[in-house]
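See structure below.
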Amino acid sequence: MDSERIFGLLVAQIRDTVPDLETHPIARGDVLADLGVDSMERSEIILAALEEIGLKVPMVDLHGPRNIGELADLLAAKSGG
Amino acid sequence: MSRAVGIEALNLFGGTACLDVRALCDHRGLDLPRFENLLMSEKAVALPFEDPVTFAVNAAKPLIDAMSETERARIEMVITCTESGLDFGKSLSTYLHRHLGLAPNCRLFEIKQACYSGAAGLQMAANFVLSATSPGAKALVVTTDISRFALADGNAVQEWAYSEPTSGAGAAAMVVSDTPHILRLDAGAYGNHAFEVMDTCRPGPDTEAGDADLSLMAYLDCCAGAFDDYARRVEGADFRETFDQLCFHTPFGGMVKGAHRHLMRKHYKAPPNDIAADFKARLTPSLTYGRRVGNTAGGSVFFALAGMIDTVDLSEPLRVGLFSYGSGCCSEFFSGVVDAQGAARLGAMNISRVLDDRHSLSIDEYETLLSGASAVRFGTRDAKINRHLIPAAWRDTGGARLVLDSIDSYHRNYIWA
């Protein structure tokens, strides 16, 4: 799955997990913590995205991205897309 | 049926003083939704006359007092489990041995692996009992950890802030034997998951450091991995069906909630309502004491166990699944059986009442402690302890409680106060 599709999927999961962000614009350069998403919610978003992509990788392998775009790129690379 | 082994007696010690976590979050300007996610109400805060030895001895003393002379003489091993050691060579177990008046034919040592230390200690003791190299012998396993707030300066306090609301203090003492009244372990039923990661650590004598996101990720990976290894060893094991209750290592309740959700999604694709109902039924009882002391590190899974036993209906024996995680990292999922007889024995320790008796610190008193002026640092050679830095917190227990009195050429002197 390519990075753009994964980004769209992450945005949907973010809005689903944090209802306050339902109408808030979310860009690739945004940082989840700066949007008010706490660490528990961040892990929830990533796990839900992994489930949807059908990707099985350790969570610790997904540590490091500095913003949502980088997270989408990393997930795309891991999923071979 | 496998040979009986497990926890014969259990007690907790959650300190002499505590702090209202909501008041702390308000004081620090942390927003309330985050506070609610912690699932915490109080945290234990160690006073200047409390250290890992006093916590450990005060947890263990009621267990030792309840034993007969003959039973006490069968304690042939004392394992302290801690990441709050006082010396690189001498283990805390030597101080425990002295102040609990144990027999000299005894193995004394310490185990370190962050918050996993307690489970490691329990398993080492259980395997000593199962080996039957000394039939009928007992082991005393004591987890003891206090958060390192004796920090160098204001910047250090700021660096520590990420974990300040959840960092607690506490000790869990267990007698492990072949008469496991409190928790009969399912011997051989366990699973491990371990790998090297730098999530949280104690890199210096009085410092803590860490990455909360990475630690959460490692915890989630380990919870899933350790259960998978358990299921590989135990035919027919099912996360939802096999265990009546669950007790997880609890840095804060929200983290347990996340791990539970992860397993319920991974194994059953359970919808949110089912996950919430299952969490309430099988994990909420385990948060009873953790939410009153904060993260007790090595002891946290046993605080969870005690809280569960003290609150659920045990008219029928229940199988409990336990998960321990220690940063760095190593983890274990294991199980055992609890029953009404064990609940009666644990009830005799009055854990809840002892927690109620703690002094509730004001924010000003807490800040006085945090400034570290009276704290005894790692490696202190000589000191006389100020017992009355927080006068209202002092408890005259008529000799029932051990306190640190002084340090003389690195040797810590304790008295019963």
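Between A:M40 atom CE and B:L38 atom CG the span is 10.0 Å, to the nearest 0.5 Å. Residue A:E44 holds its CD atom at 3.5 Å from CZ of B:R261, rounded to the nearest 0.5 Å.
Contact count versus chain B (heavy atoms, under 4.5 Å) is highest, among A:E41, A:M59, A:K56, for A:M59.
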### Message
A:H63 vs B:D199, test: side chain to side chain donor-acceptor pair (under 3.5 Å). Steps then yes/no.
### Response
CA-CA 11 Å; A:H63 184 258; B:D199 54 341; over 6 Å; no

### Query
Please walk me through it: do A:I46 and B:M217 pass side chain to side chain contact (heavy atoms under 4.5 Å, CB included)?
CA-CA 10 Å; A:I46 295 172; B:M217 287 170 154; 3.8 Å; yes

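The number of heavy-atom neighbours closer than 6.0 Å to NZ of B:K257, taken from other residues, nucleotides and ligands shown, is 12 or below. Heavy atoms from other residues, nucleotides or ligands lying under 6.0 Å from CZ of A:R66 number 12 at most. Counting non-hydrogen atoms of other residues, nucleotides and ligands closer than 6.0 Å to CZ of B:R265 gives a total above 12. Atom OH of B:Y190 has 12 or fewer neighbouring heavy atoms from other residues, nucleotides or ligands inside a 6.0 Å radius.
Looking at B:Y219, neither its backbone nor its side chain comes within 4.5 Å of chain A, counting heavy atoms on both sides. Heavy-atom distances place both the backbone and the side chain of B:L214 under 4.5 Å from chain A. Contacts of B:K269 with chain A are made by side-chain atoms alone, with heavy-atom separations under 4.5 Å and no backbone atom involved.
Put simply, the side chain of B:D213 never gets that close to the backbone of A:S39: no donor and acceptor are under 3.5 Å apart.
In plain terms, the two heavy atoms of A:S43 and B:L220 that are nearest each other are CB-CD1, 3.8 Å.
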